[in-house]
Amino acid sequence: MSQPIAKIAGVCGWPVHHSISPKLHTYWLRAAKINGAYTMFAVHPHEANYAFKSLKRTTITGLNVTIPLKSQAYEAADEVTPDAQKLGVCNILYKSGERLIGHNTDVEGFAAPLIEQVGHRFILNNTVVIIGAGGAARAVLGALLQVGAPEIIILNRTDERAENLAANVNIPSLYARPWADRNQAIFGAGLVINASAAGMKGNPGLDLDLENMSPDGWVYDLVYTPIETPLLKQAKKHGIKTIGGLDMLIAQARPSYKLFFGEHPPRGIGAREMLINYLRSQQ
Ligand code: NAP
């Protein structure tokens with residue numbers, strides 16, 4: 001009797017060897033006993049367009065796309081979903097019949113832990129500060145606008161990028177403040193989100209003093225390597241509640257897995273603990 005063809009998916013980027021997505025998807029696949037595999041593809045930006053266009057001629061069901069290929073994935077898609085269109089970048093490419101579809105799960109991935117842990121009501125009653133103005137910050141902003149955050153302040157090391165991001169949305173309750181004012185800007189904020197690359201392994205920590213922040217507030221750091229970033233450590237020292245980037249990583253991977261392998265990944269099987277142990281072993 002012939003075996004059904006295994007479903008193959010993966011993550012592509014340049015570099016990509018640091019990605020923990022293969023660990024997570026493989027863990028889910030094994031637990032669900034699915035005949036499939038999830039691997040990594042190092043794709044140089046010069047080759048990305050060719051690689052994406054060739055996907056349709058392979059048995060790969062879909063790809064997660066990471067830095068620096070997200071804009072190229074958007075351009076290569078035959079069709080993009082509204083979630084990808086809002087951000088102008090794709091973190092997923094998958095095949096649907098003869099078409100290559102570009103999608104983005106970062107908004108959903110950011111929002112899920114936020115709603116679960118902080119709750120809708122808190123967000124509706126507090127000022128939010130976003131740090132960063134890149135792709136991740138756009139996803140964060142999209143989610144906060146969907147939830148209905150009443151006041152959003154954007155801060156970015158390069159002021160002009162924060163101003164441009166705020167001007168793109170153009171609503172009075174959303175505005176940029178100069179980077180030089182960052183320690184004052186968080187005064188009175190209920191939620192501070194680090195959507196910048198500061199604090200990531202190999203980068204300097206985020207230069208932000210949480211002294212002025214209310215201990216009733218929350219700090220959400222999208223960075224997940226290391227698990228406990230300098231910003232999260234500082235927040236804990238001040239008694240501020242925290243969410244780390246690993247929760248977003250898992251939440252954005254869940255819909256990817258469904259698209260690639262046809263069913264929701266299993267819950268309650270210790271995937272988060274497995275990743276924490278893995279990341280700690282790499283420190
Ligand atoms: P990006 O488009 O390259 O943007 C990087 C941002 O970080 C820019 O705003 C940049 O400011 C800022 N930045 C870099 N180094 C900084 C420093 N030392 N101090 C202050 N700001 C600094 O990257 P991205 O895609 O938005 O990703 C940002 C971070 O989010 C990354 O660490 C990424 O790993 C993380 N992320 C996590 C998840 C998850 O699932 N947990 C998902 C997506 C992204 P300038 O404009 O001044 O350069």
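Quick note: numbers below take in every heavy atom, side chains included, and nothing from hydrogens, waters or symmetry partners. For clarity, every value in this text was computed on a predicted model and none was experimentally measured. Both counts, for ligands and for their atoms, begin at 1 and track the order of listing.
Residues Tyr220 and Met248 approach most closely at OH-CB, 3.5 Å, considering heavy atoms. When all heavy atoms of Ala235 and Thr242 are compared, the closest pair comes out as CB-CG2, 3.6 Å.
The aromatic rings of Trp28 and His25 sit perpendicular, their planes meeting at an angle over 60°, well past the 30° parallel limit.
Applying the ring pair (Phe, Tyr, Trp, His ring centres under 6.0 Å) rule to Tyr74 yields no partners; only residues at least two apart in sequence or on another chain are considered.
The hydrophobic clustering, which links ILVMFWY residues whose side-chain heavy atoms are closer than 4.5 Å, places Ile130 and Leu231 apart.
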Can you list every pair where an N/O of ligand 1 is under 3.5 Å from an N/O on the protein?
| unit_1 | atom_1 | unit_2 | atom_2 | d |
| --- | --- | --- | --- | --- |
| ligand 1 | 2 (O) | Gly135 | N | 3.2 |
| ligand 1 | 7 (O) | Ala197 | N | 3.0 |
| ligand 1 | 9 (O) | Ala133 | N | 3.0 |
| ligand 1 | 9 (O) | Asn156 | OD1 | 2.7 |
| ligand 1 | 11 (O) | Asn156 | OD1 | 3.3 |
| ligand 1 | 15 (N) | Arg157 | NH1 | 3.4 |
| ligand 1 | 26 (O) | Gly135 | N | 3.1 |
| ligand 1 | 26 (O) | Ala136 | N | 2.8 |
| ligand 1 | 40 (O) | Leu249 | N | 3.3 |
| ligand 1 | 41 (N) | Leu222 | O | 2.9 |
| ligand 1 | 41 (N) | Gly245 | O | 2.9 |
| ligand 1 | 46 (O) | Asn156 | ND2 | 2.8 |
| ligand 1 | 46 (O) | Arg161 | NH1 | 2.6 |
| ligand 1 | 47 (O) | Arg157 | NE | 3.0 |
| ligand 1 | 47 (O) | Thr158 | N | 3.1 |
| ligand 1 | 47 (O) | Thr158 | OG1 | 2.5 |
| ligand 1 | 48 (O) | Arg157 | NH2 | 2.9 |

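Between the side chains of Asp83 and Thr81, no donor N or O sits under 3.5 Å from an acceptor N or O.
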